[in-house]
Undergrad: 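Mind having a look at this structure? Questions to follow.
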Amino acid sequence: MSRHQPHSAAASGPVTTEDPQAPFLELLARGASADAYEQPVLLARAEGANPERIAALEAAKTLALRVRAEMEGRRRREAELSALFETAHDLAGLRDLDAVLQAIVQRARSLLGTDVAYLTLNDPVRGDTYMRVTEGSVAARFQQLRLGMGEGLGGLVAQTARPYVTDDYGHDVRFQHTRSIDAGVGDEGLVAILGVPLMLGAQVIGVLFASDRRARVFEREEIALLGSFAALAAAAIDTANLLTETRQALNELERANEIIRDRSGVIERASDVHDRLAELVLRGGGVHDVAAAVSQVLDSTVEFTEPEEAPGHALEASRADGHAVRHRDDWVAAVAAGGELLGALVLRGHPGLDPVDQRTLERAAMVTSLLLLARRSAAEAEQRVRGELLDDLLDGRDRDPRLLRERAERLHADLDATHVVLAARLESTGDAEQEAAARRRLWSAANHLAATRHGLAAARDGGTVLLLPAHTTAASELHTTAASELASHVAGRLSEAIHESVTVGASAPVAGLAGWTERAAAAYVEAQRCLDALRLLGRSGQGAAAEDFGFLGLLLADSRDVGGFVARTVGEVITYDERRGTDLLRTLDAYFASGMSPARTKDALHVHVNTVAQRLERVGRLLGEDWQTPERALEIQLALRLHRLAAPDIA
């Protein structure tokens, strides 16, 4: 039986003979609810007990209820004292102020049995009080409330340093109502609110609240209990502030000691970095070598970043005054030359930079700008040489093969290897200045790609042309890259590098360019045709060669590679017939000649229709599931006819 269920007649026993106090003693022992104490009286009346018996039961009930109330009060006070003791224990071992305040609010809500409990703290800078901790709250606007002094119940408590309580906040005219506060309280659905001040001496630092979403009268004992929790919360905040101040003082002392210890090594580090930077310049080091050297000297991480990757405001400030600028916990030193921003040196995670170390970072930025200018000059010279050599090849004029080879070798290119000519072009942006800048970026990116792949690049006909090897070496093995694959790869690389859509057309692989310069010119014409075809077909931003256009590629390619087209289209079927002695190719030819009707095909071949179906199923596995689509079917029929013309005895 539950402790809250009414005491049954059977449990009460015979009312007429039993001591009138007995059933109530049993109810007290069981901790029954207050409603259960009516049952013995009701049962006696139902059994027709005499008035004296009923009066005795009524008197015993009154006494039992009084005892029960006293016991409940003692249990409640015991729970309150226990909660206060636990909170004081938490305060004694304070490590996390938020956790202690949250525990105080949770216990206040639990003991007072309210729907919501919360705590606000005063903001001396803004002159108001703001929500710090909530428990049981569900409304975001309520959790972010700020109350001006004197506004609402909480503002009045914070202003007067006295507890206030209301059983119906919305209709209570004692408080100054504001739209924002009433909206937050309305979102939370609060009706009854009790607020007590958090005091440090005579100063109010905040308010502790307990509230319900229904009308309620808070008893004097409940107000006193919440006040006790408020005193503990104020003590927790004061303790945390003292601990924070102590930690800060210790940290400041530690930093002062570190500065004293490090001061003697500052001059030595400055001399060290000067020697290292001078050595880097003399031996032709790079910008990342400079960053690594400064990282070692400053015992921190220094990185070179591109202009768009550095913090914009700090970078502009550094370029304007010529000094390193702090950005959060980092320092930014602009790398610039002649008003042009080349990048930045960023010192990571070092907010307290020594002035001498700051000058070291600035000196490193200056050295980096000199190295970048030198590298740029060398790169531009190499790009011009690469472009001039490729222009000579594409112009098709008579050249001495020996001189061409020597010029190519100095650029780490091999004109005797097989190459692919690629034509790359940007789509028009509509703005002439922006388009010119984009073309310059495309030419620079193409030159970088050509240099890394031992090829050539040049600006030509409003676009960019590249000459790249068709073979690459990886893990000591020679790999051949198809022209279409190379075109697609180059389109992706260039588009990613300049953040613009780049379309690339590729020629078929060509060899012997040193001795036959006219081949380069013809391949360039073929690459341009593929480029124009891509744009006409709405495939801008992609890369392709003639082999990617099916039978249309026969018209685009300068070599008219009929055999290659046949092999790409039906080569799998031809090879299968040759190896297995089957008749798939003739079946395929008859199938198209019969209007793609298996029934008419079996008549033309004089075989069973199941045989035709089996052969066509095998063809599908060889050519792919889409071989009967209109586009594929047209290419297959053209390939069959070209194959038949090349080998008339196949029929």
Side-chain angles (χ1 to χ4, degrees), residues 3-4 31 33-34 68-91 98-121 129 131-139 142-143 145 147 152-158 160-172 174-175 181 184-199 204-237:
R3 62 179 291 179
H4 298 294
S33 65
R68 180 183 180 278
E70 180 66 23
M71 292 173 62
E72 287 293 329
R74 290 179 181 274
R75 279 196 292 267
R76 184 172 62 253
R77 285 191 292 275
E78 181 182 351
E80 293 169 356
L81 290 173
S82 176
L84 290 172
F85 175 79
E86 291 175 358
T87 304
H89 182 269
D90 291 343
L91 178 57
D98 288 339
V100 174
L101 294 181
Q102 190 70 48
I104 290 173
V105 172
Q106 287 174 348
R107 289 164 184 161
R109 179 194 177 202
S110 175
L111 286 177
L112 270 67
T114 58
D115 297 323
V116 183
Y118 49 101
L119 182 148
T120 64
L121 291 181
T129 184
M131 198 71 70
R132 181 68 163 77
V133 181
T134 65
E135 176 67 22
S137 171
V138 296
F142 177 77
Q143 296 166 10
L145 273 181
L147 295 77
L153 184 145
L156 192 58
V157 174
T160 63
R162 294 175 54 194
Y164 275 86
V165 62
T166 178
D167 57 357
D168 190 353
Y169 177 83
H171 297 88
D172 198 327
R174 294 177 299 162
F175 314 119
I181 297 175
V185 172
D187 286 355
E188 196 63 58
L190 300 181
V191 177
I193 303 177
L194 165 62
V196 296
L198 277 67
M199 307 288 295
V204 179
I205 63 170
V207 181
L208 179 61
F209 298 86
S211 57
D212 262 342
R213 297 188 176 94
R214 64 188 184 280
R216 169 178 176 171
V217 176
F218 287 96
E219 302 295 338
R220 188 184 304 274
E221 294 81 2
E222 294 174 323
I223 298 174
L225 175 61
L226 193 63
S228 298
F229 276 112
L232 290 175
I237 294 170

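Only a predicted model underlies this, so the values are computations on that prediction, with no experimental measurement involved.
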Undergrad: Below 4.5 Å, heavy atoms only, C-beta onward: do Y169 and I181 meet side chain to side chain?
TA: yes
Undergrad: With sequence neighbours left out, what residues match A224 under side-chain contact (heavy atoms from CB on, under 4.5 Å)?
TA: none
Undergrad: Hey, is CZ on R220 packed in by over 12 heavy atoms from elsewhere, all under 6.0 Å?
TA: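 No, not enclosed.
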Undergrad: With a 3.5 Å cut-off and no angle check, do the side chains of T134 and Q143 form a donor-acceptor pair?
TA: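 No pair is found: no donor N or O on one side chain lies under 3.5 Å from an acceptor on the other.
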Undergrad: Would you indicate whether the side-chain heavy atoms of R214 and V191 approach each other to under 4.5 Å?
TA: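 No, too far: nothing below the 4.5 Å cut-off.
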Undergrad: Could you check whether the rings of Y164 and F175 sit parallel, tilted or perpendicular, using 30° and 60° as the cut-offs?
TA: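 Geometry flag for F175 against Y164: perpendicular rings.
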Undergrad: Can you list the residues that meet the side-chain contact (heavy atoms from CB on, under 4.5 Å) rule with T120, with sequence neighbours excluded?
TA: T129, M131, V207, F209
Undergrad: D212 and side-chain contact (heavy atoms from CB on, under 4.5 Å): which single residue from D115, D167, V116 fits?
TA: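 The option that passes is D115.
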Undergrad: Could you report the tightest heavy-atom contact between P197 and R162, atom names first, then the distance?
TA: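 Nearest heavy atoms, P197 then R162: CD-C, 3.9 Å.
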Undergrad: Within a strict 4.5 Å, meaning less than it, do heavy atoms of the L112 and L194 side chains meet?
TA: yes
Undergrad: Going by heavy atoms in the side chains, are M199 and I205 under 4.5 Å from each other?
TA: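 Answer no - side chains too far apart.
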Undergrad: In this structure, are over 12 heavy atoms from other groups packed under 6.0 Å from R213 atom CZ?
TA: yes
